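All remarks here apply to the structure that follows.
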There are 2 protein chains.
Amino acid sequence: MAAPRVLLTGASGFIGSQAVAPLVGRGYEVHALGRRPVAGAVWHEVDLLDTRAAAAVAAEVEASHLLHLAWYAEHGRFWHAGENLDWVGATLALLRAFAEAGGSRAVLAGTCAEYDWRQPVAFCRELDGADGPATPELPATVYGTAKHATRLVAAAYADAAGINLAWGRVFLLYGPGEDPRRLVPSVARALLAGEEAAASDGRQIRDLMHVDDVARGFAALLDSEVEGPVNVASGEPVTILEVLELIAAASGRPELLRPGRLPRREGEPERLVAATARLRGEAGFEPQTPLADGIEATVEWWRDRRTG
Amino acid sequence: MAAPRVLLTGASGFIGSQAVAPLVGRGYEVHALGRRPVAGAVWHEVDLLDTRAAAAVAAEVEASHLLHLAWYAEHGRFWHAGENLDWVGATLALLRAFAEAGGSRAVLAGTCAEYDWRQPVAFCRELDGADGPATPELPATVYGTAKHATRLVAAAYADAAGINLAWGRVFLLYGPGEDPRRLVPSVARALLAGEEAAASDGRQIRDLMHVDDVARGFAALLDSEVEGPVNVASGEPVTILEVLELIAAASGRPELLRPGRLPRREGEPERLVAATARLRGEAGFEPQTPLADGIEATVEWWRDRRTG
């Protein structure tokens, strides 16, 4: 039997660039759609926002599987940018073209920003279950709303078109190659450069997963038959301050850390931690990288890239 | 001051073709985007599914207003067709291009199929109010879900982009020029041809509005400052059987009517009637065509077009 063939989007992005290896490891022939080639995958050069061109590639590849990670992610801007609207359209067009070309299993990337953040819960639960009710989906941003709306349409369409669809919700993540303006790299790089690193008070509780585990989690989810929303996250609560202190220790300059110097981002929840019964129990995935090890390796990765 | 300029989509469609006159009557310069020209409007030939081409037209026209009625409407097929996904993308792309070109007021067409039909309510209410809670939105079709999802994203984006947006939900409508496969024309044409007209039992309760009133209602809504979802409907309950009997009487062949001969469409609600406090009270619109008069005139319109 021929290898299953997966269309992968976002393959040159933060998660996607770590996804090729686990997909290949699971026996997939990986076809990357995007503007940049990636090692280990057949590259189809296409702008996914050119929905007709992307659909033509999907029709040509006739993949059995789709792993769609691409979305607009410009740091800071993405929360309320109009680009989110384009990605709703691009995502749905790609899903349709994939299904019409005979595809049978799709996994699309969602976000913790789909949940209602106004009333924090201990663990954000995807569905009603024996351990409690589903966490309401009431996004407060254009980004969260666009993802939420895409999921609703994708699920209804998958049902009508007879394809099998899961929706992997990403929480916080970190690791080599992250946008340097984001929390972990910006603090690590400041400390490595011998500069003060300002941060918020850090008492927010979060769910942080190493990008390798996120990518492997998506590959495991794709390889399963689990349908519907699935948090792709660690399920382990950690305060931002603990994360900052791990970075500070790994950088060797803990005295330069300045928690409390910056305000929190408006609308941030106190606590945002995933329920992971679906990912662990149903998709059978276990993360491999303990937070302390992952942060230490990430700080080392940035140390190796210091140019100043 | 220059006339306000409105981008109109779906202008060659059932509602849209009746919308040009009331818009012109209210002082708008009407710019129709689509594949066919319409009288009374400046025509911009464009396929709205070619989102970049449509965005380029919106950028060029720099309209102050947008009335977006276009959507996939192939009789029977539209409930679960993949084309609904394309129209989510086309709608959001157009809205974004309109806003970025300086637009300030948009009205988009929604549907009664956004509401939860499983537990019929006396009147489908758009928002929580003194007269009762909002009717839940839980569409059971790809079409209803696509419209619902589009509204969520459009509303979040409008809020972030600082434009004023209303969402006009259409219920049942009828009038000259309707797709001949739909209920009123198909029964009218059969009876006028001296053939039996089979129908369902007809005890379903519906909200039926003449297409002229629907189009005038959209023009009134556009001209108002009402935001959010607004039912564009009569608010007057009528059974399908009463409608059939009006058609039969107007055609002069009541003895050929065969109610109960056909099954109902799967998933149809018993009752589907709009609350109209927002349309009447807030947008200040009153429909002009009583049902009996409208049905009689519509049957006459079909009589004049008999070719057999």
Side-chain angles (χ1 to χ4, degrees), chain A residues 47-55 58 72 77-101 103 106 108 113-114 137-163 165 267, chain B residues 47-55 58 72 77-101 103 106 108 113-114 137-163 165 267:
Chain A
D47 176 359
L48 292 167
L49 295 179
D50 183 346
T51 55
R52 288 177 176 187
Y72 179 74
R77 270 209 78 226
F78 76 95
W79 291 109
H80 289 291
E83 280 81 353
N84 288 295
L85 278 62
D86 302 338
W87 282 98
V88 175
T91 299
L92 296 175
L94 183 66
L95 179 65
R96 183 183 176 206
F98 163 75
E100 292 189 349
L108 282 58
E114 294 167 60
E137 295 173 37
L138 194 64
T141 58
V142 174
Y143 171 67
T145 305
K147 286 280 190 179
H148 170 60
T150 300
R151 184 181 77 76
L152 294 178
V153 179
Y157 174 70
D159 202 39
I163 67 169
L165 186 135
Chain B
D47 175 0
L48 292 168
L49 295 178
D50 183 345
T51 54
R52 289 177 175 188
Y72 179 74
R77 269 209 81 225
F78 76 95
W79 291 109
H80 289 291
E83 280 81 353
N84 287 297
L85 277 63
D86 302 337
W87 282 97
V88 174
T91 299
L92 295 175
L94 182 66
L95 179 65
R96 182 182 178 206
F98 163 76
E100 292 188 350
L108 282 58
E114 292 167 60
E137 295 174 36
L138 194 62
T141 59
V142 174
Y143 171 68
T145 306
K147 285 280 190 178
H148 170 60
T150 301
R151 183 182 77 76
L152 294 178
V153 180
Y157 173 71
D159 202 37
I163 67 169
L165 184 136

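Residue numbers begin at 1 in each chain, while the letters A, B, ... track the order of the sequences. Here the structure is a predicted model, which means the values were calculated and not measured.
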*For B/Leu152 and A/Thr145, which heavy atoms make the closest approach, and how far apart are they?*
O-CG2, 3.3 Å

_Can you tell me which portion of B/Asp159 sits under 4.5 Å from chain A's heavy atoms? Options are side chain, backbone, both or neither._
neither

*What are the two closest non-hydrogen atoms of A/Val142 and B/Ala160, and how far apart are they?*
CG2-CB, 3.7 Å

*asked:* Within this structure, what is the OG1-CG distance for the pair A/Thr51 and B/Asp50, rounded to the nearest 0.5 Å?
replied: 8.0 Å

_Top contributor to chain B interface from A/Thr91, A/Val88, A/Asp86, A/Leu95 [non-hydrogen pairs under 4.5 Å]_ = A/Asp86

*Could you tell me which of A/Glu100, A/His80, A/Arg52, A/His148 has the largest number of non-hydrogen atom pairs under 4.5 Å with chain B?*
A/Arg52

*Indicate the atoms forming the closest heavy-atom contact of B/Leu85 with A/Leu92, along with that distance.*
CD2-O, 3.5 Å

_Between A/Gly82, A/Ala149, A/Ala81, A/Ala156, the one whose heavy-atom pairs under 4.5 Å with chain B are most numerous_ = A/Gly82

_Residue selection (most heavy-atom pairs with chain A, distance under 4.5 Å) from B/Tyr157, B/Trp79, B/Trp87_ = B/Tyr157

_Is A/Asn84 close to chain B through its backbone or its side chain, or both, or neither, when contacts mean heavy atoms under 4.5 Å?_
neither

